[in-house]
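To find a chain, count down the sequence lines: A is the first, B the second, and so on, and within it residues start at 1. Side chains are part of it too, since the values below use all heavy atoms of this structure and drop only hydrogens, waters and symmetry mates.
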Number of protein chains: 2
Amino acid sequence: MTDVTGPDRARLYEELALESRRYLAAYVLFNQAVADHLGLHPTDVQCLSLLTAEPEPLTVRQIADRTGLTTGSATRLVDRLERGGYVTRTPDRQDRRRVLVTPVPERLARVTALWDDLGETWQTLLDDHSEDELRAITRHLRRAHDLGHTQIRRLRALPRPD
Amino acid sequence: MTDVTGPDRARLYEELALESRRYLAAYVLFNQAVADHLGLHPTDVQCLSLLTAEPEPLTVRQIADRTGLTTGSATRLVDRLERGGYVTRTPDRQDRRRVLVTPVPERLARVTALWDDLGETWQTLLDDHSEDELRAITRHLRRAHDLGHTQIRRLRALPRPD
DNA sequence: CCGAAATCACTGCGCGGCGCAGTGACTCGT
DNA sequence: ACGAGTCACTGCGCCGCGCAGTGATTTCGG
């Protein structure tokens with residue numbers, strides 16, 4: 001077992017924490033820049049990202065949950081995207097209360113083209129990492145993601161300090 | 001030199017890209033949850049994070065640049081934080097046009113306490129990574145951060161596709 | 001030097017995304 | 001069959017935000 005109390009290690013933790021904060025701050029700015037460039041809002045871009053990541057269409061509620069919006073705001077979000085031609089609404093045959101939101105590939109081409117272009121450069125970052133390192137990075141991201149959701153549940157359960 | 005074209009490696013790239021997206025999506029939700037819990041806006045929390053990360057106070061303009069807001073909106077942001085007692089305004093003696101924004105430690109204690117609590121759990125994630133892995137993760141984050149800023153400059157230089 | 005230009009924080013104004021609360025349509029459990 | 005729960009959707013009002021302009025201060029060119 002590795003020693004988790006060494007002074008080197010403490011410094012590594014601190015560096016990682018600092019880089020994480022900078023990384024996340026940069027991401028927010030980057031996302032904003034992408035949205036500006038496309039003439040959309042960050043939320044809209046985020047939603048398109050969600051839709052393209054999923055193999056099948058999402059319902060309005062699923063979009064609301066994954067973006068942190070209320071269902072009302074999610075309806076408006078889909079309104080904007082539909083008006084812009086990015087998505088179409090389809091009634092769900094299984095449950096007629098639900099509405100499926102399907103992305104329109106042709107309209108999304110411009111967006112994905114931009115992502116692909118930016119992603120290509122991004123991949124070159126990974127080229128001089130070993131496979132073990134890549135696995136370690138991926139593992140850390142996944143576990144941080146999981147912890148994030150755990151913390152969110154904790155925060156929502158906690159009473160508001162006011 | 002490692003082979004960067006192998007099928008395993010391509011799969012690792014894809015996994016890492018997917019986990020990154022999930023990680024970043026979770027961060028946005030997490031940040032929102034923290035802000036909700038404190039009765040603040042995500043932007044406000046982000047600003048407090050910036051202020052506490054820096055050893056010396058920032059000017060309104062610096063806050064604007066680092067949050068992606070206009071100076072006008074940054075003024076309003078500082079207004080909110082000042083009204084809430086989180087920061088104080090101090091005129092800059094060197095340049096009398098400028099205003100320095102200084103965090104108020106006592107008022108921020110509650111916020112940092114929450115961060116520390118959440119950060120403690122977060123650190124346990126790192127305990128079963130080797131030091132080499134930690135270095136690899138940190139390096140990746142730093143380079144991704146740098147690339148992000150490069151891409152932002154590219155995006156701003158590009159013409160709007162409209 | 002002195003006046004023009006740049007930069008700073010700040011302010012009115014209007015837009016629009018968002019949460020809230022309520023509505024009707026639909027599904028499900030008993 | 002009927003009530004409870006869930007779905008997407010809709011007015012309404014709030015307020016964060018960008019935009020454009022202002023005055024104060026600094027910087028720079030002739």
May I have the distance from A:Asp92 (atom CG) to D:dT6 (atom C1'), rounded to whole angstrom? 13 Å
For the residue pair A:His140 and B:Tyr23, categorise the inter-ring angle as parallel (less than 30°), tilted (30 to 60°) or perpendicular (more than 60°). tilted
Before accepting this row, confirm whether a basic side-chain N of the pair B:Asp79/B:Arg89 lies closer than 4.0 Å to the acidic partner's carboxylate O. yes
Round to the nearest Å and state the distance from A:Ile63 atom CD1 to D:dA8 atom C1'. 12 Å
What integer distance in Å separates A:Asp95:CG from C:dA25:C1'? 11 Å
Charged N-O contact under 4.0 Å between A:Glu19 and A:Arg22: yes
Considering only NZ, NE, NH1 and NH2 on the basic side and carboxylate oxygens on the acidic side, decide whether B:Arg143 and A:Asp128 come within less than 4.0 Å. yes
Within this structure, what is the CZ-to-C1' distance between A:Arg61 and D:dG5, rounded to whole angstrom? 11 Å
Once each nucleotide of nucleotides 9-24 of chain D is scored for protein heavy atoms under 4.0 Å, what B/S/- sequence comes out, 5' to 3'? BBBB---SSB-----B
Distance, rounded to the nearest Å, where B:Leu100 contributes CG and C:dA9 contributes P: 9 Å
Is any NZ, NE, NH1 or NH2 atom of the basic residue among A:Asp8 and A:Arg11 found under 4.0 Å from an Asp or Glu carboxylate oxygen of the other? no
Is B:Arg9 paired with A:Asp127 through a side-chain N to carboxylate O contact shorter than 4.0 Å? no
